[in-house]
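Please read the structure below before turning to the comments.
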Amino acid sequence: MADKYEQVLELAKRRGFLWNSFELYGGTAGFFDYGPLGAMLKRRVENIWRDIFVINEGYYEIESPTIGVEDIFIASGHVGGFSDPLTECQKCHEPFRADHLVKDIVDNPDTMSADQLTEVIEKHNIKCPECGGKLGTAYEFNLMFKTAIGPGGKRAGYLRPETAQGMFVDFPRLVKFYRDHLPFGATQIGKAYRNEISPRQGVIRLREFTQAEAEIFIDPRDKTHPKFKDVADMVMNLYSQEGQVSGEIKKMTLGEAVKNGIIAHEFLAYCLARTYQFLVRVGVLPDKMRFRQHMKDEMAHYAADCWDAEILSDRFGWVEVVGIADRTDFDLKAHAKQSQKELSIYVSYDTPRKVEKFVIKPDMGVLGPKFKGKAGKIANALKALSSDQLSGEVIQLTIDGEQIEINKDCVKFETVTEEIHGENIIPHVIEPSFGIDRITYSLLEHSYFEEDSKEKVDDGEEEQEEKRIVLRLPPEVAPVQAAVLPLLSRDELIIPGKEIVEKLRKAGILVSFDDSGTIGRRYRRNDEIGTPYSITIDYQTLDDGTVTIRDRDTMKQIRTKVSDIAGNIYDMIYRGKSLDFISPYSPLGIV
RNA sequence: GCACCGAUGGUCUAGUGGCUAUGACUUUAGCCUUCCAAGCUAAUAACUCGGGUUCAAAUCCCGAUCGGUGCACCA
């Protein structure tokens, strides 16, 4: 029994959406090509993402290299944490974590190299816990693809396992670009790479995949969102930590969810809303979508809250397609530590704070000439003293082992009240991270419909049902936006058809032309790839300059003037107008 | 990575240790055709790869690759 995945993938393969990569050479698991229609579809999905996050939210897109230097991934934890030392039983071939096997024997197995672990295993004669067989040499399996930068292989480079680090690394530049104001965000759409041990599930788990990520830097003291009120009434399927215990998905508004503490704060909830809008706009069915909160033990230790957008797929069940996390200041702190640079931003207080401060002012006019080269050190030593120590007639100091006496006249001190206007803080990061490939696949699956066509052919003995395959893609993401079809394959219809093609192309519409076979067949061919509108040229076109536009989903047709079609098609694709809102052409001016 | 199952034109599939390896759909060219795939004529196109057994292998055996399923893995 063919399931939907099989049906969708068969269509995707046949019509040029998705192909297994390197098929010519036998293929390799974990890699997919986007064919002509798939690449266009994916690009349109990405552009809608840009429209929402870059244009509307104002989080500019950057582009950083797909190869990163080692320091980045030491800081991010991918070099250490993204790999595990494995050892395999030689007899039953079961793999085990080498460090786990020796943890009762040595103190810090997780800091040991694979060679050291092998040594320990051999010395203590550790056997396979499953079958008692001999264990093989331990090796590190890191999920990052490693390469060498430059000749000699001295400098390690890694293909990035996520795009996020690019935004973190550029943080100081971004702060300047956004002129020292929080919140701000930067986004990136690009490839990431993970050398999965055994990728399965087709396009769901890839070794090379496209991420669209936003890193939004916010003030940790204020996690509200100015536009939250616009989305507070949106109803979502929320599968919270509690809900997962009781197995209950709750429909509720985002306003309620924040108020009841189910979602940690407004900013995160706002990101959920935008994610929902994005997914629906590209063609994911709202009923087959939910937001699942990470359980406490599932969440990274530093994360304040984390929600995944999940999409229901026929074969794979609920598939994570987006992760939305409050990563706090973890990433910036990690890079600050690794790079030895301060990664913070100055923020002003609403009202300046008054702080009492004890100020010591050594009189350099006296100290300088008297102590010459030592004057600087003496001044610093004086500044470190407390008011008690400064209160005597003579102050005793030890500088470089030498006793020095300073007259109290040489140093002034006082308590002053200072106004502090702000401070350097490390922003928190809200990170919505989208798996574009999974989303693209999901919307294909959600758009895929097989319909029984109304006519059944009675073939004498057996009755055959004719089915129509339709991809009900939102017009905005459909790769081919309109098809121009002469009713009959005759020059007098083909020539005006080709003129219409040119006209639509000039209007920026991706259009195909097809004059082969019967008209019905051509409609079906276009239904199958999701072309939303078909324009048919018939003999009336020659008389009065009108054509019909056929709607993919309803199969309804409407007649309109050739001079109007570019505008009409554009409005229907990009402005959400439906066929019903196009005024039909009538020679008498009567509708 | 382990175990089990599978792999035949673009798609779905028939088949057998032995002549030019089925069929349907698709596609292409042409005919026909005034609106929803099924008319006519023709054409293109396949046994996953490597090794072995054999006079002969797409078929049997072994291995690899890819795909599916279960286990492990999925920061």
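By convention in this document, chain letters (A, B, ...) are assigned in the order of the sequence lines, proteins followed by strands, and residues within each chain are numbered from 1.
With a cut-off of 3.5 Å on both Watson-Crick or G-U wobble distances, the partner of B:A14 is given as none. Partner assigned to B:C40 is B:G30, using Watson-Crick or G-U wobble distances below 3.5 angstrom. Applying the Watson-Crick and G-U wobble criteria (two distances, each under 3.5 Å), B:U20 pairs with nothing in any strand. Across every strand in view, B:A64 sits in a pair with B:U48 that passes the Watson-Crick or G-U test at under 3.5 angstrom.
One interatomic measurement links the two molecules: CD1 of A:I469 to P of B:C12, which rounds to 12 Å at whole-angstrom precision. Rounded to an integer number of Å, the gap from A:R15 CZ to B:C12 P is 15 Å. One can place CD of A:E492 at 12 Å from P of B:U33, the figure rounded to the nearest angstrom. Rounded to whole Å, atom P of B:C35 lies 8 Å from atom CG of A:L488.
In this model, a side-chain donor or acceptor of A:R205 finds a partner on the base of B:C73 within 3.5 Å. Judged by distance alone, with hydrogens and angles left aside, A:R550 brings a side-chain donor or acceptor within reach of the base of B:C36, the pair sitting under 3.5 Å.
Using a 4.0 Å heavy-atom cutoff across all strands shown, A:R207 reaches no nucleic acid atom at all. Note on A:Q557: a base of the nucleic acid sits closer than 4.0 angstrom, heavy atoms only. Among the heavy atoms of the strands, none lies under 4.0 Å from A:G517. Residue contacts shown for A:T28 are limited to sugar-phosphate atoms, with no base heavy atom under 4.0 Å away.
Between A:R524 and B:A37, a side-chain N or O to OP1/OP2 separation shorter than 4.0 Å is present. For A:R521, a side-chain nitrogen or oxygen approaches OP1 or OP2 of B:A38 to under 4.0 Å. The side chain of A:R522 places no N or O atom within less than 4.0 Å of a non-bridging phosphate oxygen (OP1 or OP2) of B:C35.
In this structure, the ring of A:F31 has its center less than 6.0 angstrom from the ring center of A:F22.
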**A:R327/A:E215 under salt bridge (charged side-chain N to carboxylate O under 4.0 Å, His left out): CA gap, chis, key distance, verdict** = CA-CA 10 Å; A:R327 299 180 57 93; A:E215 306 300 328; 5.2 Å; no

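Of the possible polar contacts, none joining the A:R468 side chain to the A:F449 backbone as a donor-acceptor pair under 3.5 Å is found.
RNA chain B is contacted by both A:T518 and A:N20; A:T518 maps to the nucleotide lying nearer its 5′ end (nearest heavy atom per residue).
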